[in-house]
Structure formats: structure tokens, C-alpha cells
Amino acid sequence: MTPNSQTIRFFRRHIPAFACEPGCHDCCGPVTASSEEMARLPEKSDAAHEAALAGLSCPHLGDTGCQVYAERPLICRLFGTTPRLACPNGKRPETLIDPRIEQRIYQYFKATRHVLV
Ligand code: SF4
Ligand code: SF4
């Protein structure tokens, strides 16, 4: 396991999970991810990327929601777990993310090249 994948695993473990509004994908849109995370996602065609971007959507959003849920990027997992990325539908985990972990995730975002998913 590379240091980068250990970091991602650590962050994933420390981002609290919660139940979303069934069928909701209001917080999905153009998101970015590190190359480590991108390598875990299926490749999409240029046309699929362009169509998603034109609709301010994500190429992995399907009719039944996120098609890559188990491997969705950190930013998708963070949504709803911090006041900075509050869910517009009022969903949240009982305990929000530890601010120290959140800070470390933002530092990781800054220090690691991210590309559009
Ligand atoms: S976090 Fe909120 S906006 Fe995003 S999918 Fe869940 S319920 Fe919907
Ligand atoms: S990867 Fe999944 S959760 Fe993240 S924006 Fe795309 S469809 Fe939504």
C-alpha cells in the first residue's frame, strides 16, 4: 500500500457516515480528486465528461445515483459532515467530522494535484 493510499484510507475511516435523503444527489456536481482516487474510478469518455460538465454534473452520476459510491472521492464523502459543506436538506451525521481531521483533509487537497473527475 502506498503512503498516499494509506492517507486516503485514513481519511475515509475518519469521515463520519450518515443516511442521505433517499434518491437525493443534490450535492453531486463537478468535483475534483487526486490521481490515487482517479485510478479507482472507471474511465469515462471525453463526451461523457463534456456532457456532465455542460450540465454542471458528474460523469459518475447515473439514474439511480452515484455509480461509484464505494470509491467516491473524499470531497463527496466530506459533504454534509461539516458546516462548510452543509447538506441543503439538513442531513448530517450525529457527530460532525473532527475539525482536526477536516483540516488535514484540506491540507491534503492543497498539497496533492487534483483533477476534474
Ligand atoms: S448530503 Fe444532502 S444533498 Fe447530498 S446526497 Fe445526501 S441528502 Fe442529498
Ligand atoms: S462521484 Fe458520486 S457522489 Fe461524487 S459527485 Fe460524482 S456521482 Fe456524486
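Whatever order the structure lists ligands and atoms in, that order sets their numbers, starting from 1. Computed from a predicted structure; not experimentally measured.
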Can you list the atoms of ligand 1 that are under 4.0 Å from a heavy atom of [X]?
X   : result
C87 : 1 (S), 2 (Fe), 3 (S), 7 (S)
E21 : 7 (S)
D26 : 3 (S)
P88 : 3 (S)
C24 : 3 (S), 5 (S), 7 (S), 8 (Fe)

From C66 atom SG to R72 atom CZ, the distance as rounded to the nearest 0.5 Å: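 Atom-to-atom, C66:SG and R72:CZ are 7.0 Å apart.
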Quick one: CD1 on I15 to CG on D98, what's the gap to the nearest 0.5 Å?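 Those atoms lie 11.5 Å apart.
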Protein contact to [atom] [nearest heavy atom, distance to 0.1 Å]:
atom                    : value
atom 4 (Fe) of ligand 1 : C27 SG, 2.4 Å
atom 2 (Fe) of ligand 2 : C66 SG, 2.4 Å
atom 6 (Fe) of ligand 1 : C20 SG, 2.4 Å

Are any of the side-chain nitrogens in R84 or E102 under 4.0 Å away from the carboxylate oxygens of its partner?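 Yes.
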Taking the side chain as every heavy atom from C-beta outward, state whether [X] and [Y] have any atom pair closer than 4.5 Å.
X   : Y    : answer
E71 : E37  : no
S34 : Y108 : yes
L78 : I97  : yes
T95 : P16  : no

Please assess I75 against F109 for the test side-chain contact (heavy atoms from CB on, under 4.5 Å), listing each intermediate value before the final yes or no. CA-CA 9 Å; I75 190 67; F109 287 166; 3.9 Å; yes
The test is side-chain contact (heavy atoms from CB on, under 4.5 Å); show your working for M38 and V117 and say whether it passes. CA-CA 7 Å; M38 287 299 276; V117 167; 4.0 Å; yes
Give the atom numbers and elements of ligand 2 that come within less than 4.0 Å of a heavy atom of [X].
X   : answer
C28 : 3 (S), 5 (S), 7 (S), 8 (Fe)
C58 : 1 (S), 5 (S), 6 (Fe), 7 (S)
L61 : 7 (S)
P73 : 1 (S)
C76 : 1 (S), 3 (S), 4 (Fe), 5 (S)

